[in-house]
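Accompanying notes for the structure given below.
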Amino acid sequence: QVQLLESGGGLVHPGASLRLSCAGFERAFTGYTIAWFRQPPGKDREFVAAVKRGGTMMSYKNSLKGRFTISKDNAKNTLYLQMNSLQPDDTADYYCAATSRGLITSSLAGEHEYDYWGPGTQVTVSY
């Protein structure tokens with residue numbers, strides 16, 4: 001059973017950084033395709049970034065490249081999302097998601113592809 005739990009959200013000012021964490025993998029998470037999604041207030045959930053099963057390839061929402069970095073600590077079975085230069089538009093609930101299936105690159109952004117979801121952590125960027 002995989003029970004994901006995000007942490008690290010909070011209220012920050014524009015320009016600040018945050019690092020989100022996702023734990024709860026029952027086995028080495030090189031066996032999972034893992035992703036971050038976010039849902040801004042009043043909007044649909046959207047893809048942020050993903051790591052392919054095997055852990056050798058990352059994918060990002062184009063508009064977030066350069067500011068957001070997905071990474072993992074294999075020893076801790078923990079996924080991270082480093083978010084820099086945060087802006088009010090980054091305000092959202094952030095979710096960790098996983099599936100034991102390998103996904104092709106074009107499918108990584110599809111939230112229906114993921115079987116396991118955490119409850120989310122809230123990030124608010126405000127003056």
Side-chain angles (χ1 to χ4, degrees):
Q1 185 73 17
V2 177
Q3 293 184 316
L4 304 179
L5 182 63
E6 305 90 343
S7 61
L11 171 63
V12 296
H13 294 306
S17 297
L18 277 177
R19 189 178 77 161
L20 306 182
S21 300
C22 175
F25 295 90
E26 61 179 2
R27 56 183 171 90
F29 64 8
T30 52
Y32 297 96
T33 302
I34 319 166
W36 287 100
F37 287 79
R38 69 182 184 182
Q39 186 167 19
K43 297 183 179 180
D44 293 334
R45 191 153 52 186
E46 63 180 14
F47 173 75
V48 174
V51 180
K52 277 194 171 183
R53 192 175 66 177
T56 59
M57 188 271 185
M58 283 72 166
S59 178
Y60 293 90
K61 178 180 173 67
N62 283 339
S63 62
L64 299 178
K65 286 181 181 178
R67 286 200 302 125
F68 286 21
T69 303
I70 190 170
S71 64
K72 55 190 180 62
D73 185 328
N74 290 335
K76 296 181 179 179
N77 277 350
T78 301
L79 181 73
Y80 301 103
L81 183 68
Q82 178 67 41
M83 306 185 294
N84 297 328
S85 301
L86 285 163
Q87 299 302 316
D89 285 349
D90 296 315
T91 294
D93 292 324
Y94 284 74
Y95 298 90
C96 176
T99 176
S100 59
R101 294 178 295 117
L103 300 179
I104 59 175
T105 302
S106 60
S107 296
L108 291 171
E111 59 177 290
H112 64 281
E113 300 283 0
Y114 296 88
D115 304 306
Y116 306 103
W117 291 84
T121 186
Q122 188 174 63
V123 173
T124 302
V125 185
S126 179
Y127 291 98

*With the 4.5 Å side-chain cut-off for hydrophobic clustering, are V2 and L81 part of the same group?*
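Same cluster: V2 reaches L81 through Ile, Leu, Val, Met, Phe, Trp or Tyr contacts under 4.5 Å.
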*ILVMFWY network linking L4 to F37, side-chain heavy atoms under 4.5 angstrom*: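 No, L4 and F37 fall in different hydrophobic clusters.
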*For the pair L20 and E6, evaluate side-chain contact (heavy atoms from CB on, under 4.5 Å) and give the outcome as yes or no after the intermediate values.*
CA-CA 7 Å; L20 306 182; E6 305 90 343; over 6 Å; no
Could you measure the distance from the [atom1] atom of [X] to the [atom2] atom of [Y]? Nearest 0.5 Å is fine.
{"X": "I34", "Y": "L103", "atom1": "CD1", "atom2": "CG", "value": "11.5 Å"}
{"X": "F25", "Y": "K72", "atom1": "CZ", "atom2": "NZ", "value": "11.0 Å"}
{"X": "S59", "Y": "K65", "atom1": "OG", "atom2": "NZ", "value": "7.0 Å"}

_Using side-chain contact (heavy atoms from CB on, under 4.5 Å), reason through V123 and D90 one step at a time and then give a plain yes or no._
CA-CA 8 Å; V123 173; D90 296 315; 5.5 Å; no
_Main-chain N/O of I70 paired with Y60 side-chain donor or acceptor, under 3.5 Å_ =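 Flag set: sc Y60 to bb I70 pair under 3.5 Å.
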*Using atom types as modelled and distance alone, determine if a side-chain donor or acceptor of R53 lies under 3.5 Å from a backbone N or O of S100.*
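Side chain of R53 to backbone of S100: a pair is present.
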*Quick one: side-chain contact (heavy atoms from CB on, under 4.5 Å) partners of S7, sequence neighbours excluded?*
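S7 satisfies side-chain contact (heavy atoms from CB on, under 4.5 Å) with S21 only.
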*asked:* With disulfide (SG to SG under 2.5 Å) as the rule and sequence neighbours excluded, what pairs involving residues 37-99 come up?
replied: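 Every disulfide (SG to SG under 2.5 Å) pair that includes a residue of residues 37-99, provided the two are not neighbours, is C22-C96.
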_Counterpart residues, side-chain hydrogen bond (donor to acceptor under 3.5 Å, both in side chains), relative to E113 (two or more places apart)_ =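 So E113 forms a side-chain hydrogen bond (donor to acceptor under 3.5 Å, both in side chains) with R101.
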*Under the side-chain hydrogen bond (donor to acceptor under 3.5 Å, both in side chains) rule, collect the residues that match up with Q82, sequence neighbours excluded.*
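N84.
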*Shortest non-hydrogen contact from P14 toward Q87*: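 Scanning both residues completely, I find the closest heavy atoms to be CB-OE1, 4.3 Å.
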*asked:* Are P40 and T91 packed together at the side-chain level, in the sense that at least one heavy-atom pair is separated by less than 4.5 angstrom?
replied: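 Counting from C-beta outward, P40 and T91 never come under 4.5 Å.
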*asked:* With heavy-atom distances below 4.5 Å as the criterion, would you say the side chains of L86 and F68 are in contact?
replied: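 Yes; the side chains approach each other to less than 4.5 Å.
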Which atom pairs, one a donor and one an acceptor, fall under 3.5 Å between side chains of residues 44-52 and the rest of the protein, sequence neighbours left out?
residue	atom	partner	partner atom	Å
R45	NE	E111	OE1	3.2
R45	NH2	E111	OE1	3.0
E46	OE2	R38	NE	2.5
E46	OE2	R38	NH2	3.1
K52	NZ	T105	OG1	2.9

*Kindly indicate, with the supporting measurements, whether the criterion side-chain contact (heavy atoms from CB on, under 4.5 Å) is fulfilled by W36 and L79.*
CA-CA 9 Å; W36 287 100; L79 181 73; 3.3 Å; yes
*Quick one: side-chain hydrogen bond (donor to acceptor under 3.5 Å, both in side chains) pairs with a partner in residues 114-127, sequence neighbours left out?*
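Qualifying pairs: T99-D115.
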